[in-house]
J.: 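Attaching a single structure in structure tokens format; questions to follow.
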2 protein chains.
Amino acid sequence: MFEGFYKYTEQIVSFTEKEKAIIEGAFTFRQVPKKFKLTEEGKIARELYFINKGLVRLYYTKDGEEITGFIFKEHLFASSYDSLLRQTPSIQTLETLEDCELLVITAKALEELYEAIPKMQVLGRKVAEQRFINGQMILSSFILDSPEERYKKFVAQHGDLLLRVPHHIIASYLGITPVSMSRIRKRMSE
Amino acid sequence: MFEGFYKYTEQIVSFTEKEKAIIEGAFTFRQVPKKFKLTEEGKIARELYFINKGLVRLYYTKDGEEITGFIFKEHLFASSYDSLLRQTPSIQTLETLEDCELLVITAKALEELYEAIPKMQVLGRKVAEQRFINGQMILSSFILDSPEERYKKFVAQHGDLLLRVPHHIIASYLGITPVSMSRIRKRMSE
DNA sequence: TCATTCCATTAACAATTGTAAAGAAAATGC
DNA sequence: GCATTTTCTTTACAATTGTTAATGGAATGA
């Protein structure tokens with residue numbers, strides 16, 4: 001249950017058996033079906049999710065359209081992060097793309113974990129930094145790359161998601177319409 | 001010299017006179033002319049800058065073109081943040097847009113300040129959060145808004161910069177060409 | 001197993017932005 | 001004060017993407 005979690009955190013900090021016991025007590029295991037909203041727009045995010053299995057996406061809505069901001073794979077922490085940080089209503093929705101197996105912790109329990117285990121501060125900071133860096137990479141790609149270049153990079157880094165995620169969701173994540181993405185794919189296969 | 005700094009930090013934490021003395025000893029005051037590169041692409045960012053006066057921009061280069069990622073005004077902390085966090089070579093350049101008056105602290109001195117004054121952890125975390133949130137706002141605008149909408153929002157939030165920053169730099173920050181921005185400005189004034 | 005829904009591609013036309021160049025005004029530097 | 005450089009707008013044409021609709025195949029659910 002915590003194998004994936006420790007495989008990930010071991011790269012950052014090592015926990016003793018005692019610390020692991022405390023950590024495991026702070027999380028709950030949850031199986032969630034696809035298309036389930038973990039955090040809704042307009043509501044405050046109160047939980048953080050470690051993905052053992054499945055996919056989760058973060059999206060915005062505008063004029064009735066859903067526009068994907070991020071897709072979280074296994075072994076990532078998923079959340080509507082700014083809402084979690086500030087405890088303000090989220091402008092995003094966090095929703096499962098597949099049936100998921102998650103390790104869930106509340107914001108409150110996380111604070112208590114920070115108090116109880118100082119090493120958690122390091123892990124928390126690393127997770128936050130990674131989150132910032134992910135956002136910077138996406139933003140710089142929007143700034144620097146054409147839609148076709150964004151698609152190419154996506155394929156290079158997350159090609160497996162083409163098989164798991166509907167293309168219209170990937171298109172919205174790349175900032176283009178499904179029609180445009182289809183044209184790009186056709187151009188690239190010629 | 002530190003008035004602006006404390007005006008900003010007082011919203012987050014209050015420092016005692018003793019703490020202020022330590023803080024002031026960790027920073028240096030620097031006057032920097034416009035078009036000066038504070039951090040260069042390919043180099044590691046080793047300093048953080050509080051802007052007392054002036055403007056600083058963060059930009060990327062691609063195919064010989066400079067594309068602006070952020071513009072820092074007075075009373076903000078400027079840096080090539082991911083390079084500073086990870087101590088890896090930056091993919092961005094940090095450069096002054098006007099003659100500036102900066103309070104400068106090195107990454108090393110900042111770490112020491114964190115050790116010496118626990119309240120600095122809170123400030124540091126808040127600054128990091130604000131940085132993440134800024135990035136999210138820009139990214140979500142790229143995702144959700146057309147170039148015209150981005151221009152409108154920019155004017156609403158930073159209209160003063162239209163007088164201080166060359167329009168071609170603002171255009172690149174908004175992800176469009178100067179010609180397109182000129183067309184948008186014309187359309188909006190009709 | 002079949003009806004319904006969802007997904008992906010394609011076509012036609014519209015809209016917006018990019019590119020290149022020109023010209024005028026403002027800013028800069030000697 | 002003047003020459004040079006930079007900035008900004010405009011124009012003409014090109015390119016890419018958006019929009020709408022249609023079609024066929026895959027997935028889903030009863």
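Below, read A as the first sequence line, B as the second, and so on, with proteins coming before strands; counting in each chain starts at 1. Computed from a predicted structure; not experimentally measured.
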J.: Using the salt bridge (Lys or Arg N to Asp or Glu O under 4.0 Å) criterion, which residues pair with E17(A)? Sequence neighbours excluded.
T.: K20(A)

J.: Mapping V179(B) and I184(B) to their closest nucleotides on DNA chain C, which lands nearer the 5' end?
T.: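 Final value for this comparison: I184(B).
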
J.: Pick one: which of Y59(A), Y81(A), Y60(A) meets side-chain hydrogen bond (donor to acceptor under 3.5 Å, both in side chains) with Q92(A)?
T.: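 Exactly one option meets the side-chain hydrogen bond (donor to acceptor under 3.5 Å, both in side chains) with Q92(A), and it is Y60(A).
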
J.: To the side chain of K34(B), which of dT28(C), dT9(C), dG18(D) is closest?
T.: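 Closest nucleotide among those given: dT28(C).
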
J.: If you round to the nearest 0.5 Å, how far is CD1 of I133(A) from OG1 of T88(B)?
T.: 7.0 Å

J.: Just N and O in the side chain of R187(B): are any of them under 4.0 Å from OP1 or OP2 of dA15(C)?
T.: no

J.: Whole angstrom is fine here: how far is it from CD1 in I67(A) over to C1' in dG18(D)?
T.: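 These atoms are roughly 13 Å apart.
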
J.: Does F142(A) have R150(A) sitting over its ring (NZ/CZ under 6.0 Å from centre, angle to axis within 45°)?
T.: yes

J.: Nearest whole Å is fine: how far is dT5(D) C1' from K35(B) NZ?
T.: 11 Å

J.: Over how many whole Å does the gap from I176(B) atom CD1 to dT16(C) atom P extend?
T.: 13 Å

J.: Starting at CD of E66(B) and ending at P of dT6(D), how long is that distance when rounded to a whole Å?
T.: 12 Å

J.: Tell me whether the side-chain N/O atoms of R183(B) come closer than 4.0 Å to OP1 or OP2 in dT10(D).
T.: no

J.: It should be established whether R185(A) places a side-chain nitrogen or oxygen under 4.0 Å from OP1 or OP2 of nucleotide dA8(C).
T.: no

J.: With respect to F50(B), which candidate in F29(B), F5(B), Y6(B) satisfies the ring-ring contact (aromatic ring centres under 6.0 Å, His included) definition?
T.: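 With F50(B) as partner, F29(B), F5(B), Y6(B) yield a single ring-ring contact (aromatic ring centres under 6.0 Å, His included), made by F5(B).
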
J.: Within this structure, what is the CG-to-C1' distance between D99(A) and dA27(D), rounded to whole angstrom?
T.: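 Taking CG of D99(A) and C1' of dA27(D), I get 15 Å after rounding.
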
J.: In residues 144-172 of chain A, which ones come under 4.0 Å of DNA chain C, going by heavy atoms?
T.: P166(A), H167(A), H168(A)

J.: Is there side-chain contact between E41(A) and T61(A), with heavy atoms separated by less than 4.5 Å?
T.: yes

J.: Between S180(B) and dG18(C), is there a side-chain N or O to OP1/OP2 distance below 4.0 Å?
T.: yes

J.: Is there a donor-acceptor pair closer than 3.5 Å between any side-chain N or O of E65(B) and the backbone N or O of K62(B)?
T.: no

J.: If the helix axis at each end comes from five base pairs, how far does the helix from dT1(C)-dA30(D) to dC30(C)-dG1(D) deviate from straight, to 10°?
T.: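 The angle separating the two end axes equals 60°.
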
J.: Has T177(A) got a side-chain N or O lying under 4.0 Å from the OP1 or OP2 atom of dT17(D)?
T.: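 No, T177(A) has no side-chain N/O under 4.0 Å of OP1/OP2 on dT17(D).
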
